[in-house]
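The structure displayed is predicted, hence computed values, not measured ones.
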Amino acid sequence: MDEIGLSGDWFPSEGAIWMEDMDHDTIFTKTVKIPDSYVGTLFEFKYQINDAIWEGDPNRNFTLDASSPQVLQLVYFDRDTVVNLSVINTLNFTLDMTDIYGSGLGFFDPATDSVMLMGLDWSGAVVIDSLSDRTFREDPFNPGVFHATMTIKGVEGDSTRYKCKAEPEADFFNWGWEITPDKWHFIQGEDAVIDVPAFKPDIFPIKPPLTDAVTILFQVDMTHATNFYTDDPINPADLIFVGLKGQNSVLGSWGGDWAPSDTSGGTLQVLNDSGENGDKSAGDNIWSANITFPLGNDGGPGLYKYGAMYSGADTINGGYHPLDNEMQDRDHWVNVMVGGPTEVMDYFGSLSAPTAIEPAKDVMAQSFVLEQNYPNPFNPVTTIRYTLPASSEIQLNVYNILGQRVSTLFNGKQNAGIHQVRFDASFLGSGVYFYELSSGKTRITRKMLLMK
């Protein structure tokens, strides 16, 4: 009976009494038998996590009575006064792999390849391993369609992120990981079962080498650029150069130090705004360069980013990778292929899917566009970018989940073009919020998550 403390020894040789959470509700329980002869005895005890983390003083206690069973009051570890009870969510995923489904080089072959659901436990939740299977299984009636079910535990209203990964790594770009940003799941009520809408993962098998040289015109609009490290606007007039670095060997294979010296080392391509090397209009704040990927070079998608050099930029961040100042943990990407896109247009600090651009096409948007805020989730500052096709009276408002307006970011007339607003939410609590761009009968709403 030493294990229940009858010897008075806090460290019995049998070890502690391990409690269990059989239903995964984060409430741990244990039933212990104590002889009737100890009725009326005062017992002292404490809880401990992983045989290492003890509760603070004072000791807990109870007096054994004659009831059977005697149920002690539900308490919180270390007498915590702020308690977030977890809930269980079951997520059913469906992947559409038909675009890359096949056999041989350049395809996803279910006989040799697999795809897994990674994450959901990177932040905001834990995965219940006994109820989850990260490996997608092919639908026996729909070739190229795959399913997986994951069960997680987290706080309702919180969020967690995930993405897909294919294996073996050597057969896929980006080591099999999706090349686009993480996806998010907002945790719903207790025992919620969510059928996640089917999606095509941004996974790309390794392609054969290029059969012809491919030239791509990279263009980046610096009009509303900000330095990621400082969140300060970059004055386009102060730019010395804009650099381009990426995954493909032609773009430096991510080598170098994101410093001005990389331009001479071949790991940072230099763009221009002087009407040269493919730049269409000098002095329009769109920096450009024609980059040629030679015959035999790796094709397929490749990640890349821009870096802005101006007076003092090379000293920011303590001089460590100072020109890696566009965005972190996010990259642009382009599919390098014969007969594929020959031009891409990017906006510094904003992530969007690459598209082919007609040579004479104006970059001005032809419709209202409200981009996803970045970063998201954020704490407490984020940037919201939007595009107006014509001079308009607009409102940009932020609402809480109850539909109450908590902030007006703009209310008035703005010219056509691309605009961005910096939203400081330091006065708000953590949670989900919505931002809405409206003009007349046109309304566009997006969701964002504040995590403090």
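Stacking of K207 on the aromatic ring of F107 is recorded, both the 6.0 Å distance cut-off and the 45° axial limit being met.
Counting only heavy atoms from C-beta outward, the side chains of P205 and D171 never approach each other to under 4.5 Å. In this structure, L217 and T342 have side chains that are not in contact, with every pair of non-hydrogen atoms separated by 4.5 Å or more. Looking at F434 and N397, their side chains never come closer than 4.5 Å, going by heavy atoms from C-beta outward. At a threshold of 4.5 Å between non-hydrogen side-chain atoms, the residues L210 and L295 do not count as touching. For the pair Y162/F93, a side-chain contact is recorded, criterion being any heavy-atom separation below 4.5 Å from C-beta on. When side chains are defined from C-beta on, Y229 counts as touching Q328, because their heavy atoms get closer than 4.5 Å. Within the 4.5 Å cutoff, the side chain of V196 has no heavy atoms near those of the H185 side chain.
Rounding to the nearest 0.5 Å places CG of L437 at 6.5 Å from CG of L388.
Taking the side chain to side chain contact (heavy atoms under 4.5 Å, CB included) definition, one finds that E156 meets it with V87, sequence neighbours left out. Residues that satisfy the side chain to side chain contact (heavy atoms under 4.5 Å, CB included) test with P143, not counting sequence neighbours, are Y101, E138. Residues satisfying the side chain to side chain contact (heavy atoms under 4.5 Å, CB included) criterion with L409, sequence neighbours excluded, are I384, L396, V398, S407, V421, F423. Scored by the side chain to side chain contact (heavy atoms under 4.5 Å, CB included) test, D99 finds K200 as partners (sequence neighbours excluded). Partners of R446 under the salt bridge (charged side-chain N to carboxylate O under 4.0 Å, His left out) rule, at least two apart in sequence or in another chain, do not exist in this structure. Under the salt bridge (charged side-chain N to carboxylate O under 4.0 Å, His left out) criterion, D57 pairs with K46, not counting sequence neighbours.
W333 and F173 have their aromatic ring centers separated by at least 6.0 angstrom.
Counting only residues at least two apart or in different chains, salt bridge (Lys or Arg N to Asp or Glu O under 4.0 Å) contacts with residues 403-431 comprise D231-R422. Residue pairs meeting the ring pair (Phe, Tyr, Trp, His ring centres under 6.0 Å) criterion with at least one partner in residues 369-409, sequence neighbours excluded, are Y386-H419. For the ring pair (Phe, Tyr, Trp, His ring centres under 6.0 Å) condition, the pairs that include at least one residue of residues 142-161, sequence neighbours left out, are F108-F146.
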Tell me which donor-acceptor pairs under 3.5 Å the side chains of residues 285-293 have, and how far apart each pair is, sequence neighbours excluded?
from	atom 1	to	atom 2	distance (Å)
S288	OG	D279	OD1	2.9
T292	OG1	T215	OG1	3.0

Please list every donor-acceptor pair under 3.5 Å in which a side-chain atom of residues 311-321 meets a protein atom from a residue at least two apart or in another chain.
from	atom 1	to	atom 2	distance (Å)
T315	OG1	G312	O	2.7
N317	ND2	Y320	O	2.8

What donor-acceptor contacts under 3.5 angstrom involve side-chain atoms of residues 236-252, with partners at least two apart or in another chain?
from	atom 1	to	atom 2	distance (Å)
K245	NZ	G255	O	2.6
K245	NZ	D262	OD2	3.0
K245	NZ	T267	O	2.9
Q247	OE1	L303	N	3.2
N248	OD1	V250	N	3.1
N248	ND2	N297	OD1	3.3
N248	ND2	D298	O	3.2
S249	OG	N297	ND2	3.1

Stepwise, does the side-chain hydrogen bond (donor to acceptor under 3.5 Å, both in side chains) test hold for N227 with D232? CA-CA 6 Å; N227 189 310; D232 292 330; over 6 Å; no
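Between the side chains of D346 and Y304, at least one donor N or O lies within less than 3.5 Å of an accepting N or O.
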